[in-house]
Structure formats: structure tokens, C-alpha cells
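Remember, predicted model here, so these are calculated numbers, not experimental data.
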Amino acid sequence: MSLPISLFAALLLLTVLQLVLQKCSPLFAFLLSLAGAVLLAFRIGDILQPVFAGLALFVRRTDGQAFRCLVRCAGILLITDYTRTLCQEAGADSLGWCADFVGRCLVLAAAFPLLEEIGGKIWGIAG
């Protein structure tokens, strides 16, 4: 069986188990979904190693500071989205909204040096 099919089968099985457990024990259902997400993340880690190697090569070819800024922003967005979803699944919608807001502020703070550099170049060309 190929890896994508086995991953999607595991996701489907975890979803069914989570739905069954949700009725009788919501806490165990939540822990099962969290454990499943962690296990699947470790499983795709081997697949992503060539992608990360390609990104490292790309960083060496381009301006490293700008690329690091963009990767940092992407990482913040991913962590924010996971945290918001986790909070909403736990029934804490207001905490999910706060996590989303904090993530947006962090992205703005992380992207500010890049925005400042772009603005400086535009103003240097324009005036």
C-alpha cells in the first residue's frame, strides 16, 4: 500500500474512532485526535526531508534574510491555525479567536523588517 493511501486510511480510522468516543468520552476523543495528529506529523517527517533540503539550497541562492522572514511568517501562521483549531475543538471559541489575533500580530511583527526594507527600496527609487 502506498504511503498516501495508508496515511489517509489512518486519518479515516482515527476520525471514526474519534466520532465514536466523542459520544461517551469527549476527553479521550480529544486526546485521540491530538495523538493521531502527532503520529501522522512524525510519519510525514521523512517525506518532508527532501523538501527541507531543497529549501535550504534555495536559501543559499537567494537573499537569506528575506527568505527566513517569509519562512518565519509561514511557521507562525501554521502554528496559529493549529492552535486556533485546537481551541475551537475544545469548545473555547474565544480562546481560538485570541490565538488567531495574536498570530496575526506576530506575523506583522515578524514581517516588519521585510516590509521596511521593501518600503526603503521603493522610496529610494521614487525619490
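Hydrophobic clustering of Ile, Leu, Val, Met, Phe, Trp and Tyr side chains at less than 4.5 Å, counting indirect connections, keeps Leu115 apart from Ile125.
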Using residues 98-108 as the side-chain source, report each donor-acceptor pair under 3.5 Å to any protein atom, sequence neighbours left out, with the distance given to one decimal.
residue : atom : partner : partner atom : Å
Asp100  : OD2  : Arg104  : NH2          : 3.3

Scan the side chains in residues 81-88 for donor-acceptor partners under 3.5 Å anywhere in the protein, sequence neighbours excluded, and list what turns up.
residue : atom : partner : partner atom : Å
Asp81   : OD1  : Arg84   : NH2          : 2.3
Thr83   : OG1  : Ile79   : O            : 2.7
Arg84   : NH1  : Gln88   : OE1          : 3.3
Thr85   : OG1  : Asp81   : O            : 2.9

Extract all donor-acceptor atom pairs below 3.5 Å that involve side chains of residues 12-21 and protein atoms in other chains or at least two apart in sequence.
residue : atom : partner : partner atom : Å
Thr15   : OG1  : Leu11   : O            : 2.7
Gln18   : NE2  : Gln22   : OE1          : 3.1

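For residues 3-34, no pair satisfies ring-ring contact (aromatic ring centres under 6.0 Å, His included), with sequence neighbours left out.
One finds the CD atom of Gln49 at 11.5 Å from the CD1 atom of Ile44 (value rounded to the nearest 0.5 Å).
Heavy-atom minimum distance, Ala110 versus Pro113: O-CD, 3.4 Å.
The side chain to side chain contact (heavy atoms under 4.5 Å, CB included) search around Ile118 returns Leu114, Ile122, not counting sequence neighbours. Applying the side chain to side chain contact (heavy atoms under 4.5 Å, CB included) rule to Phe42 yields the partners Val38; only residues at least two apart in sequence or on another chain are considered.
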